[in-house]
2 protein chains.
Amino acid sequence: MDDDVNRLPLTSSLVFRLGTLGSLATARFSAAIESRGLKPKHVGLLAALSGGAASSQLELSRVMGVAPSLVVSLADQLEGMGALRRVRDPADRRRQTLVLTDSGHALLAECTALAQGLDAELAAALTPEEGEALRRALGVLAREAGLPGG
Amino acid sequence: MDDDVNRLPLTSSLVFRLGTLGSLATARFSAAIESRGLKPKHVGLLAALSGGAASSQLELSRVMGVAPSLVVSLADQLEGMGALRRVRDPADRRRQTLVLTDSGHALLAECTALAQGLDAELAAALTPEEGEALRRALGVLAREAGLPGG
DNA sequence: TATTGTTATACTCTATAACTATA
DNA sequence: TATAGTTATAGAGTATAACAATA
């Protein structure tokens, strides 16, 4: 009579667990970077720039999967805090090329260190082998989905 | 000079990848259940009820990590589509016990099947061993974080 | 006429706070 | 006076659509 005995519960599916753990991870990262005045998407933009995945704002909006208007707003704020500069592309003056400043590189490095700290907290519950397997599997899925980062 | 050569990029950290893949997983699941008139949180509520993790609305808000007012709204909608009934606890008439109807059980079973389909799509990029390792690691993290589902 | 960036506006999601009923 | 639930309101985050500048 009860369906649940015959099937894996929804809550242990990959999609459900990725969803809930992803939201938890984002919340923790958000709290960690809050004191720098950053939100996760700011950091995503910095990382995409640093990785060379994109330089113009429209390219960034495609790579990040967000609306162009959001990139404008994120770039405004990052420019305001001195993390990047807008440089007009002389070959096509419509394009704004975003360039990380030294301070932007340093900010990204700080965020990377914070992320590594959170990684260590997460991985503490896992054996080294489990942690490594998790990294590998998530890497495959990220590549498969066309997400930034190698 | 370039920081990136000496450290793992932010985009391959566990937190970043859980965040981005989690948001992708939620978007896919959301699209899959949309035709049923459901959002992921509706399904989360059904799953929490079915798993016996909570019965009163306030308990549900704690288990799900959302505001009590949101549980009211989700329960309103699920009640409106006949997936659950509100039953006053006779011992404490302030409490609304939420009970899944047959139709609610069936709806949850459909959503579970949809999730399993998405799981299969995700796992297609992984070897069987990688998929199993991913499931295990996410299970450990979910338990560690006190998330529902075993 | 098409494209890049920007601005203005609206929508979705969710929380906080005020309120009602019961304890 | 405290608690469960509800309603009203507000805020964050983001998208869509209209607009300006350049191609």
Side-chain angles (χ1 to χ4, degrees), chain A residues 19-20 22-31 33-45 48-49 53-80 84-99, chain B residues 19-20 22-31 33-34 37-45 48-49 53-80 84-99:
Chain A
T20 51
S23 139
L24 183 69
T26 300
R28 286 189 189 173
F29 186 57
S30 195
I33 62 180
E34 190 180 20
S35 62
R36 270 91 176 163
L38 298 173
K39 300 284 171 62
K41 298 247 149 135
H42 293 120
V43 181
L45 197 160
L49 270 185
S55 61
S56 85
Q57 297 187 180
L58 213 53
E59 280 167 11
L60 278 165
S61 85
R62 285 190 277 259
V63 167
M64 297 176 63
V66 300
S69 58
L70 181 55
V71 175
V72 172
S73 162
L74 295 170
D76 280 351
Q77 295 163 326
L78 289 168
E79 189 178 33
L84 57 80
R85 280 176 301 116
R86 279 179 162 103
V87 181
R88 284 261 169 223
D89 181 344
D92 180 347
R93 292 186 40 75
R94 290 172 306 181
R95 309 183 73 218
Q96 294 273 37
T97 302
L98 302 187
V99 182
Chain B
T20 50
S23 137
L24 183 68
T26 300
R28 287 191 189 171
F29 186 57
S30 195
I33 61 180
E34 190 180 19
L38 297 173
K39 301 284 172 60
K41 298 245 150 136
H42 293 120
V43 181
L45 197 159
L49 270 185
S55 61
S56 85
Q57 297 187 182
L58 213 53
E59 280 167 11
L60 279 165
S61 85
R62 285 190 278 261
V63 166
M64 296 175 66
V66 301
S69 58
L70 181 54
V71 175
V72 172
S73 161
L74 295 170
D76 280 351
Q77 294 161 328
L78 289 168
E79 189 178 34
L84 57 80
R85 281 178 299 117
R86 280 179 162 103
V87 180
R88 284 262 170 222
D89 181 343
D92 180 347
R93 293 186 40 75
R94 291 172 306 183
R95 308 184 67 206
Q96 295 273 36
T97 302
L98 302 187
V99 182

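Chain letters run A, B, ... following the sequence lines, proteins first and then strands; every chain starts at 1.
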Subject >> Between C:dT7 (P) and A:Gln57 (CD): distance, integer Å >> reply: 10 Å

Subject >> Protein-nucleotide distance (B:Leu58, atom CG; C:dA21, atom P), rounded to Å >> reply: 19 Å

Original post:
Given that B:Arg95 and A:Ala67 both sit by DNA chain D, which one's nearest nucleotide is further toward the 5' end?
Top reply: B:Arg95

Original post:
Does C:dT14 have OP1 or OP2 sitting under 4.0 Å from an N or O in the side chain of B:Lys41?
Top reply: yes

Original post:
With a non-hydrogen cut-off below 4.0 angstrom, is B:Val71 in contact with a base, only sugar-phosphate, or nothing?
Top reply: nothing

Subject >> Distance in angstrom units between B:Leu38 CG and C:dC13 P, rounded >> reply: 13 Å

Original post:
Closest heavy-atom contact between B:Thr26 and B:Pro40?
Top reply: CG2-CG, 4.0 Å

Subject >> Phosphate OP1/OP2 of C:dT20 contacted by B:Arg93 side-chain N/O (<4.0 Å) >> reply: no

**OP:** Measure the distance from CG on A:Leu74 to P on C:dG5 and round it to the nearest whole Å.
**Re:** 14 Å

**OP:** Measure the CG-CD distance between B:Leu58 and B:Gln96 for me, rounded to the nearest 0.5 Å.
**Re:** 12.0 Å

Original post:
Taking OP1 and OP2 of C:dT6, is either one under 4.0 Å from a side-chain nitrogen or oxygen of A:Arg86?
Top reply: yes

Subject >> Polar pair under 3.5 Å, donor/acceptor by atom type, side chain A:Ser56, base C:dT4 >> reply: no

**OP:** Would you check, one step at a time, whether the test side-chain hydrogen bond (donor to acceptor under 3.5 Å, both in side chains) holds for B:Arg86 with B:Gln57?
**Re:** CA-CA 10 Å; B:Arg86 280 179 162 103; B:Gln57 297 187 182; 2.9 Å; yes

Subject >> Backbone of B:Arg88 reached by a side-chain donor or acceptor of B:Arg95 within 3.5 Å >> reply: no

Original post:
Can we say A:Arg85 and A:Glu79 salt-bridge, meaning some charged N sits less than 4.0 Å from an Asp/Glu carboxylate O?
Top reply: no

Original post:
Once you round it to whole Å, what is the distance between P of D:dA20 and CZ of A:Arg94?
Top reply: 17 Å

Subject >> N/O (side chain, B:Lys39) to phosphate O (OP1/OP2, C:dC13) under 4.0 Å >> reply: yes

Original post:
Over how many whole Å does the gap from B:Asp76 atom CG to D:dG5 atom C1' extend?
Top reply: 11 Å

Subject >> Whole-Å distance separating the NE2 atom of A:His42 from the P atom of D:dA12 >> reply: 13 Å

**OP:** For B:Leu70 and D:dA8, give me the distance from atom CG to atom P, rounded to whole Å.
**Re:** 17 Å

Original post:
Side chain of A:Ser69, base of D:dT14: donor and acceptor closer than 3.5 Å?
Top reply: no

